[in-house]
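Every value quoted in this text rests on a predicted model; they were computed, and no experiment measured them.
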Amino acid sequence: QAQLVESGGGVVQAGGSLRLSCAASTRRFSNNAMGWFRQAPGKEREFVAAISWNGGSPTYADSVKGRFTISRANAKNALYLQMNSLELEDTAVYYCAAARSSYSGADSAQYPYWGQGIQVTVSS
């Protein structure tokens, strides 16, 4: 079964940067859009960013636009999320997800494949 594994999380001070990576165990997601979601304590999971299969058409939640950048490297079966100017409100568990074929929107129900999640904590 194909797996998605996140890495790169940790604790960072407000204003700092982190780069999350997501490694796919197979190449089966190279033709699928992929995305990042996050879930903060006591809150519902929310969309962060998504990208089409060829790396084009990135979309972002308003809360991260201009600070986060999503990218992918299909040759490495990898997805990335560069997070700059981190804020306390960015503290959450971040999840990598692969969508149904070309869908690259914010509806989590269209993403049947998920990683286990990784903690990002922004401190003051």
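Both V122 and V64 are part of a single hydrophobic cluster, where members link through side-chain heavy atoms under 4.5 Å apart. In this structure, L88 is a member of the same hydrophobic cluster as F68, with clusters built from ILVMFWY side-chain heavy atoms closer than 4.5 Å.
Of the possible donor and acceptor atoms, one in the side chain of S25 sits under 3.5 Å from a partner among the backbone N and O of Q3. Panel note: side chain W36, backbone Y80; a donor-acceptor pair is recorded below 3.5 Å. The backbone N or O of S52 lies less than 3.5 Å from a partner atom in the side chain of R72, making a donor-acceptor pair. Under a 3.5 Å cut-off, the side chain of N74 and the backbone N or O of W53 do form a donor-acceptor pair. With hydrogens and angles ignored, the 3.5 Å screen pairs a side-chain donor or acceptor of E6 with a backbone N or O of Q116.
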Ignoring hydrogens and angles, write down the donor-acceptor pairs under 3.5 Å from the side chains of residues 95-104, residues two or more places apart or on other chains.
| unit_1 | atom_1 | unit_2 | atom_2 | d |
| --- | --- | --- | --- | --- |
| Y103 | OH | A106 | N | 3.3 |
| Y103 | OH | D107 | N | 3.0 |

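A donor-acceptor contact closer than 3.5 angstrom is absent between the side chains of Y60 and R67. Judged by distance alone, the side chains of E87 and S85 never bring a donor and an acceptor atom under 3.5 Å apart.
Between I70 atom CD1 and L79 atom CG the span is 4.5 Å, to the nearest 0.5 Å.
D90 has its side chain within reach of R38: a pair of non-hydrogen atoms, C-beta onward, lies under 4.5 Å apart. Here the side chains of V120 and L18 are in contact, with some heavy-atom distance below 4.5 Å.
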Verdict with supporting geometry, S108 and Q110, side chain to side chain donor-acceptor pair (under 3.5 Å): CA-CA 5 Å; S108 61; Q110 300 302 318; over 6 Å; no
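Considering every non-hydrogen atom in both A24 and L4, the closest pair reads CB-CD2, 3.8 Å. Closest non-hydrogen pair, G105 versus Y111, comes out as O-OH, 2.6 Å. Nearest heavy-atom pair, V11 versus S123, reported as atom, atom and distance to 0.1 Å: CG1-OG, 4.3 Å.
Residues F37 and W114 bring their aromatic ring centres within 6.0 Å.
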